[in-house]
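Here the structure is laid out as structure tokens; the discussion comes afterwards.
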Amino acid sequence: MTHTPSLRTRFAPSPSGHLHVGGARTALFNWAFARGRGGKFILRIEDTDQKRSSDAASVGFLKDLKWLGIDWNEGPEFEGCGGGDFGSYFQSERLDMYNKFLEQLVQQGKAYYAFDTTAELDVERKESKSRNEAYRYDRSRADAISPEQVQAWLKEGKSAVIRFKTPAGAIAIHDEILGDATLPAGEVDDFVIRKADGFPTYHFAVVVDDELMGVTTVLRAQEHFNNTAKHVVLQDALGFRRPTYGHLPLIFNPDGSKMSKRDKDKLLRKTAQDKKLTAPPANTVDATRFSAWLGDKNSQLDFAEATAMATALNIELPEINVDDFRRSGYLPQVMCNFLALNGWGPGNDLEKFDNAFLCANFALDRVQKTAAKFDRVKLLAFNLDAIQKLPREAFSGLVKAHGEIYHPEFMKKITAAQFDLLVAASHERSKTLDELFRGNRWLALGDEELTWEKSKQVEKALLAGTPSGLDRLKELRGVLEAVATWTPAGIEESIRQWATTAGLAEQIGQIAQPLRVGVTGSTVSPPIFDTLAILGKSSSLRRIDRCLQDFATAKT
Ligand code: GLU
């Protein structure tokens, strides 16, 4: 691997929400590419689109990157990362620099003020559409305005944008992943480089920043390929160096649709429609908002609303953002490994690797050209495998940290001893760090709060057969009351002894189910002896009593 200290890559998110997995993969590749070559990785926040940006969203991005283990040499200062000589690393704080180059282009006649109104541009767009042509800005109206008139209008404060005078001719792009491509002449029109609000457009700011920050390599998603054509003509006009470009394949859902933040709303909307809901479920959103959202497939609920709606509709939302995966209990190293496989592979059927391996081996020649498919089943299998390989102590620490962030109420309700038992009982089969909390809500409930799931399985476990589960439960209550050592082994020994005497030694599984339902309210929990040990003796007995009472009344 060549050591290139002057190599500089960057990740340049527009902070319009949370870091999407696609963005995380772009960041990861830029980071690994720089790290593996002794170069620098820069983080730049592209917040010139004032409507979409927010400080909270920027901080969310920084946190998500840090969680993944992607640290930056230069950029916003955050938890020991960032700083650097080429700041500010927030575009909104670099307006003077953009203005300097904007003026230069206008003075050189390479860019011009345009005063078209939205209505005028709309008419032209419609005309192009009626001719079945792609719209291209027509420079002639701006050309007809004299320089004096331009100055006078600017003085009056008439609204104006600055457009780049795109040179005639085809535009050649060299891409390290896709190869060479040429955009035919006329494809790129005179695009806006400064908006009417005085902010540069994305295209202009990116080009200036990449130059001033010494960026040598730009790896970004294929959806930016046409933007690159605009960027190279701007670089030529400004006399800037041209970074090396590599456009990364998009990430699709297995069904071939683009993996989008709208997927959550899509699922919620479909569920609401399937259930023929005409009003919002209680405690979600108000009725007006609900009907507007239901009728507009582009509208999105915010995080809290979507979560409330998912809970009310009893569905799990697909994870899309890094933060969703974190909340669902994926390990950061698994996420990095898996994201890297979405578009790259080291070869030799090697699939599992860590970030050090990625940095040492990542190169553009093995980046695929076609879209990657995000295989959630495989991700879950990777996560299970990584969790199983963790030493118990490490798993326990991670679950604890996860619980304190995402399930503080649960953590408060259980004792340290219960937590340790639960960790021991769950480690081997936990596919995520969150599973332990999702699957054991019974534990955090008070004995008097527990309710029994209204399901066929629960009914079967308690009511079917002769003797029924309830009959067994009555007998087992007495056995449990007599257990002297309330540990998984102690409980197991007593129950096995009783089962043997009762000629049921081979039927421990059948005995377990009514017990499980009795103390947890459902048919799923850790192994039964662990479940009882974790819950504790008095709670177990109290819950069994309540279950016997409830179902005795239910039966009569
Ligand atoms: N701000 C752009 C985005 O979030 C970055 C594009 C680029 O890397 O140049 O898509």
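When a ligand or atom number is given, it counts from 1 through the structure's own listing order.
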Distances under 3.5 Å, N/O of ligand 1 against N/O of the protein: list each pair and its distance.
| residue | atom | partner | partner atom | Å |
| --- | --- | --- | --- | --- |
| ligand 1 | 1 (N) | Ala12 | O | 2.8 |
| ligand 1 | 1 (N) | Ser14 | OG | 2.8 |
| ligand 1 | 1 (N) | Glu46 | OE1 | 2.6 |
| ligand 1 | 4 (O) | Ser14 | N | 3.3 |
| ligand 1 | 4 (O) | Ser14 | OG | 3.3 |
| ligand 1 | 8 (O) | Arg10 | NH1 | 2.5 |
| ligand 1 | 9 (O) | Arg10 | NH1 | 3.4 |
| ligand 1 | 9 (O) | Arg10 | NH2 | 3.0 |
| ligand 1 | 9 (O) | Tyr202 | OH | 3.0 |
| ligand 1 | 9 (O) | Arg220 | NH1 | 2.6 |
| ligand 1 | 10 (O) | His224 | NE2 | 3.1 |

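Under a 3.5 Å cut-off, the side chain of Asn321 and the backbone N or O of Asp324 do not form any donor-acceptor pair. Without hydrogens or angle criteria, Glu77 side chain to Gly84 main chain gives no donor-acceptor distance under 3.5 Å.
Taking 4.0 Å as the cut-off between side-chain N and carboxylate O, Arg289 and Glu305 count as a salt-bridged pair.
Applying the ring-ring contact (aromatic ring centres under 6.0 Å, His included) test to residues at least two apart or on different chains, none of the pairs has a partner in residues 65-87.
There is no side-chain donor-acceptor pair under 3.5 Å between Asn355 and Gln333.
Taking the six-membered ring wherever Trp is involved, the centroid distance between the rings of Phe115 and Trp153 falls below 6.0 Å.
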